Amino acid sequence: MVKSFISCCPYDCPDSCSMLVERLDGLTVKLKGNPQFPLTGGGWICKKGKRWEERVRSPRRLKLPLVRDGGGWKEISWERAIALWAHQIQEAVSSEGPLSNFVYQGAGSLYYSKKLFKKLFVDLGGYTEPRGSLCGSAGGAGLKKAFGFTPVYKPDNLKHVRGVLFWGRNAVETHPHLLPIIRELRIKKDVKVGALEIRRTSTTDFADVWWRIRPGSDGALAALLCKRLLESGDAWPSWRKRAKNADGFQEALEGLDEGKLLEFTGLDKPTFETIYSWLLANRPVAIYAGYGPQRYMSGSSTFHLLVALSLLLGAFDLRGAGVVFGKDEDRMFPVELVGVPPVRRRVPIGDWVLNVSRYSPKIKTALFTCCNPAKQSPGGEAFRRAMADISFKVCIDIEMSETAKLCDLVLPAACFLEEGPDWLGSWWHGYLLRSEKVMDPPGEALPETTIFTLLAQKLGLSIDLEKARNVMDQMLKSSPLVKQISKGVYSFKEEDTWCEKKAIEVFLPDDLTAITEENKSYETLRLVSVHSSEFINGQTFGVGEPEVPEIFLSEKDALDRGIKDNDLVVLTAKGFDLKGVCRIDKTMNSGYCIMVQGYPWVNELTTPRVSPGYGAPFHESFVTLRKL
């Protein structure tokens with residue numbers, strides 16, 4: 001007998017899809033897009049979400065707690081596992097205080113219940129956690145510099161645009177449910193699509209026109225476009241009414257050397273003119289900015305300038321104009337269920353691994369949940385050294401990840417289909433999604449709310465996170481801000497920053513030094529890692545890893561090194577050598593090489609650093625390349 005349920009994909013993805021789940025028996029499920037959800041295009045979901053059909057009962061699923069036993073692992077009971085963990089936490093608090101407990105929570109699941117566990121550490125007196133994110137902190141910081149808060153751009157605004165510009169955003173690969181909306185706008189309203197990229201992609205093929213720029217020059221291009229708009233008199237007539245620091249911004253632009261910055265972007269004068277003309281001809285323009293352009297030291301400044309560019313092109317007066325990047329997907333989470341820690345230490349996510357031995361109080365225990373930083377963080381070897389400096393490490397996961405293998409205790413978690421009810425927000429659309437339990441987890445795997453409730457009880461704390469999850473469920477269902485659209489799909493009241501009726505003022509930058517800094521080492525290549533439709537957050541479940549990774553290189557850089565297509569090559573950085581196969585890409589410029597994110601070798605070559613906004617500037621990593 002087939003039973004149907006409504007759930008939602010837990011992935012850190014803008015699409016945040018509601019799903020129809022069909023349970024065929026106790027072990028088998030079929031996943032489809034929820035036909036009642038407006039943004040799943042008639043019931044389809046991407047292949048990353050579809051792979052949960054296999055993953056939910058994969059032989060790789062963890063079923064019992066595991067404790068390190070010499071060089072291997074031993075299965076233990078939940079009672080013993082929780083007792084061991086509680087003892088280590090108590091010892092840490094007793095010797096070093098609550099800040100000795102390090103809590104690393106990633107975005108492996110965006111479900112609201114995953115945030116409840118911090119209540120335990122709040123009641124213990126505090127904790128240490130990373131500051132920023134490996135994904136979008138720098139870009140988000142740039143937007144906050146402009147607005148003072150995280151702006152919201154609703155997808156419904158797209159019906160007003162004449163142009164959509166994908167600025168370093170490979171939406172075909174990473175934002176597939178946006179595409180039907182764009183296709184319909186092309187047919188009905190003749191909306192034009194442009195793309196700015198560092199090489200040809202599936203999105204540049206989707207676009208009407210695309211232009212190639214050098215990696216890291218996005219801020220320089222945005223500044224040059226702003227400069228031209230002001231000098232040519234093409235800026236929106238009332239832009240100053242919305243601007244703070246307009247004089248300082250204009251003075252900073254006047255001081256730029258247009259020729260040097262144009263050379264930095266890799267664009268010639270005629271190409272720059274076509275970009276400029278395209279923007280004027282197709283405003284209002286929605287600028288869909290990607291994550292790649294903010295993975296530099298200049299990332300925050302770049303996004304600040306993108307807001308300035310949008311303002312000069314008529315944003316706020318021309319409906320539909322604006323910068324689309326992300327928003328607070330947790331806005332509706334009831335934070336009062338967790339509380340505020342008496343003390344909290346936040347360490348930069350980009351380089352905490354370099355400093356862990358110097359922190360005071362010392363980190364004694366570490367928890368890793370909804371994440372796999374051993375694979376995701378910059379500097380693989382640095383991460384392993386940091387882990388060796390922490391006395392006791394716990395990982396909660398559904399399978400044995402690279403991070404789990406470096407821990408002392410590994411606990412088997414239920415996946416999203418095996419727990420509930422739960423809720424999910426989105427950093428793209430304006431819906432809240434509700435999930436329901438579909439099946440039981442395998443073996444002795446438990447929901448995280450149960451795991452932390454057991455830990456709290458062992459620590460003598462009066463915390464029941466299963467009860468808190470149900471309280472959260474009732475709070476959200478009964479909130480006056482929330483309205484049910486269909487089963488599992490809710491809308492909620494959310495102000496649209498770019499189409500506000502009230503006058504919003506934007507603070508414009510007057511320090512443009514970050515966007516003019518250029519790497520001067522011509523013997524090395526900038527390493528750029530790109531997203532793929534195959535992966536999410538660097539996790540490659542269900543996708544075979546090639547024995548030899550592909551390394552994409554321009555024709556010029558290959559010729560300079562005597563390398564041909566399909567030659568074996570070696571990348572070297574920080575004393576680490578990586579063998580790969582060269583793929584010559586005739587659409588690339590010189591000075592950089594490209595690898596696909598997700599494979600375990602890539603971040604061995606990246607450098608732990610922190611960019612303004614507490615971002616992780618992965619693309620500020622440089623390698624040498626030679627023929628094998």
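Not measured: the values here are computed from a predicted model.
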Check your understanding: Using 4.0 Å as the upper bound for N to carboxylate O, is an ion pair formed by E129 and R346?
Key -> yes
Practice item. Output all residues satisfying salt bridge (Lys or Arg N to Asp or Glu O under 4.0 Å) with R295, sequence neighbours left out; order by chain, then residue number. Key: none
Point to revise | Sidechain-backbone polar pair: K154 side chain, E494 backbone, donor-acceptor under 3.5 Å | key: yes
**Study point:** Qualifying residues under side chain to side chain donor-acceptor pair (under 3.5 Å), relative to K159, sequence neighbours excluded
**Key:** D156
Check your understanding: Could you walk me through whether W423 and Y490 pass the ring-ring contact (aromatic ring centres under 6.0 Å, His included) check?
Key -> CA-CA 10 Å; W423 292 76; Y490 297 76; 4.9 Å; yes
Review point. When rounded to the nearest 0.5 angstrom, what distance separates CH2 in W236 from CG in L313?
Key: 10.0 Å
Point to revise | Side-chain ion pair, D422 and K114, N-O less than 4.0 Å | key: no
Practice item. Kindly indicate, with the supporting measurements, whether the criterion side chain to side chain contact (heavy atoms under 4.5 Å, CB included) is fulfilled by L508 and W239. Key: CA-CA 11 Å; L508 300 181; W239 72 271; 3.7 Å; yes
Review point. With distance as the sole test, does S7 use its side chain to make a donor-acceptor pair with the main-chain N or O of S435 at under 3.5 Å?
Key: no
Practice item. Go through the side-chain N and O atoms of D218 and Y296 and say whether any donor and acceptor fall under 3.5 Å apart. Key: no
Point to revise | Polar side-chain atom of N589 near backbone of R214 as donor-acceptor pair, under 3.5 Å | key: no
Check your understanding: Has the side chain of T302 got a donor or acceptor atom that lies under 3.5 Å from a matching backbone atom of G219?
Key -> yes
Revision key, fill the gap. Closest non-hydrogen contact found for V285 with L279 is CG2-O, 4.0 Å
Review point. Which atom names give the shortest non-hydrogen contact between L417 and V21, and what distance separates them?
Key: CD2-CG2, 3.9 Å
Revision key, fill the gap. Output for pair (I349 CD1, Y614 OH), nearest 0.5 Å, gives 13.0 Å
Check your understanding: Would you call E22 and K32 a salt bridge, using N to O less than 4.0 angstrom?
Key -> yes
**Study point:** Step-by-step side chain to side chain contact (heavy atoms under 4.5 Å, CB included) determination, L196 to L165
**Key:** CA-CA 8 Å; L196 282 161; L165 179 60; 4.1 Å; yes
Practice item. Without swapping roles, check the side chain of N245 against the backbone of F507 for a donor-acceptor pair under 3.5 Å. Key: no
Check your understanding: For residues 166-187, which residue pairs qualify under salt bridge (charged side-chain N to carboxylate O under 4.0 Å, His left out), counting only residues two or more places apart or in two chains?
Key -> E184-K188, R186-D208
**Study point:** Which residues share a side chain to side chain donor-acceptor pair (under 3.5 Å) with W210, sequence neighbours left out
**Key:** none
Check your understanding: By ring-ring contact (aromatic ring centres under 6.0 Å, His included), which residues pair with F166, not counting sequence neighbours?
Key -> Y288
Review point. Would you find more than 12 non-hydrogen atoms of other residues, nucleotides or ligands less than 6.0 Å from K483 atom NZ?
Key: no
Practice item. Considering non-hydrogen atoms only, spot the tightest contact between T204 and R199 and give its length. Key: CG2-O, 3.9 Å
Check your understanding: Roughly how far, to the nearest 0.5 Å, is CG of L433 from CG of L39?
Key -> 9.5 Å
Revision key, fill the gap. Exactly one candidate in P215, P293, S529 meets side-chain contact (heavy atoms from CB on, under 4.5 Å) with H619; the answer is S529
Review point. Residues two or more places apart in sequence or in another chain: which of them pass ring-ring contact (aromatic ring centres under 6.0 Å, His included) with F325?
Key: Y291, F303
Point to revise | The single option from D190, L158, V193 passing side-chain contact (heavy atoms from CB on, under 4.5 Å) against L185 | key: L158
Review point. Does any N or O in the side chain of Q474 come within less than 3.5 Å of the main-chain N or O of V471, such that one atom is a donor and the other an acceptor?
Key: no
Practice item. Say whether, by atom type as modelled, one donor and one acceptor occur between the side chain of N603 and the main chain of K375 under 3.5 angstrom. Key: yes
Check your understanding: Okay, side chain of S238, backbone of K241: is any donor-acceptor separation there less than 3.5 Å?
Key -> no
Review point. Does anything in residues 8-20 pair up under side chain to side chain donor-acceptor pair (under 3.5 Å), and if so which pairs, sequence neighbours excluded?
Key: Y11-W52, Y11-R55, D12-W427, D15-H175, D15-H177, S18-N34
Study note, to complete from the structure: Correct closest heavy-atom pair for E534 and K48 would be O-CG, 3.7 Å
Exercise for review: Check whether any side-chain heavy atom of Y112 lies under 4.5 Å from a side-chain heavy atom of L432, and answer yes or no.
Suggested key: yes
Review point. For R212, does the CZ atom sit with more than 12 other heavy atoms under 6.0 Å from it, leaving out its own atoms?
Key: yes
Review point. Taking atom OH of Y111 as the centre, does the number of heavy atoms from other residues, nucleotides or ligands within less than 6.0 Å exceed 12?
Key: yes
Study note, to complete from the structure: Sequence neighbours excluded, the answer for salt bridge (Lys or Arg N to Asp or Glu O under 4.0 Å) partners of R228 is E258, E273
Exercise for review: For the pair R23 (side chain) and V438 (backbone), establish whether a donor and an acceptor sit closer than 3.5 Å, ignoring hydrogens and angles.
Suggested key: yes
Point to revise | For D511, salt bridge (Lys or Arg N to Asp or Glu O under 4.0 Å) partners two or more places apart | key: none
Check your understanding: Is a side-chain donor or acceptor of S298 paired with a backbone partner of S301 at a separation under 3.5 angstrom?
Key -> no
Check your understanding: Side chains of N157 and W498: do they bring a donor and an acceptor to under 3.5 Å?
Key -> no
Review point. Does the side chain of L31 reach to within under 4.5 Å of the side chain of L20, using non-hydrogen atoms?
Key: no
Point to revise | Residues which pass ring-ring contact (aromatic ring centres under 6.0 Å, His included) with W167, listed by chain and number, not counting sequence neighbours | key: none
Point to revise | Results of salt bridge (Lys or Arg N to Asp or Glu O under 4.0 Å) for E197 - residues two or more places apart only | key: none
Point to revise | I515 side, atom CD1; L221 side, atom CG - distance, nearest 0.5 Å | key: 9.5 Å
Which side-chain N or O atoms in residues 142-153 pair as donor and acceptor under 3.5 Å with protein atoms at least two apart or in another chain?
{"from": "K145", "atom 1": "NZ", "to": "S300", "atom 2": "OG", "distance (Å)": "3.1"}
{"from": "Y153", "atom 1": "OH", "to": "G320", "atom 2": "O", "distance (Å)": "2.7"}

Check your understanding: Which value, rounded to the nearest 0.5 Å, describes the distance between I198 atom CD1 and R526 atom CZ?
Key -> 10.0 Å
Check your understanding: Which atoms form the tightest heavy-atom contact between S377 and F618, and what is the distance?
Key -> C-CE2, 4.2 Å
Exercise for review: Take L309 and V323 through the test side chain to side chain contact (heavy atoms under 4.5 Å, CB included) and record every step on the way to the result.
Suggested key: CA-CA 9 Å; L309 174 61; V323 178; over 6 Å; no
**Study point:** side-chain contact (heavy atoms from CB on, under 4.5 Å) partner of R434, chosen from L476, D473, I6, L424
**Key:** D473
**Study point:** Heavy-atom pair with the smallest gap, counting every atom of A223 and L253
**Key:** O-CD2, 3.6 Å
Exercise for review: Determine, for R469 against E448, whether the closest basic-nitrogen to carboxylate-oxygen distance falls under 4.0 angstrom.
Suggested key: no
Exercise for review: For the residue pair F272 and T265, establish whether any side-chain heavy-atom pair is separated by less than 4.5 Å.
Suggested key: no
Point to revise | Side-chain heavy-atom pair T201, V172 within 4.5 angstrom cut-off | key: no
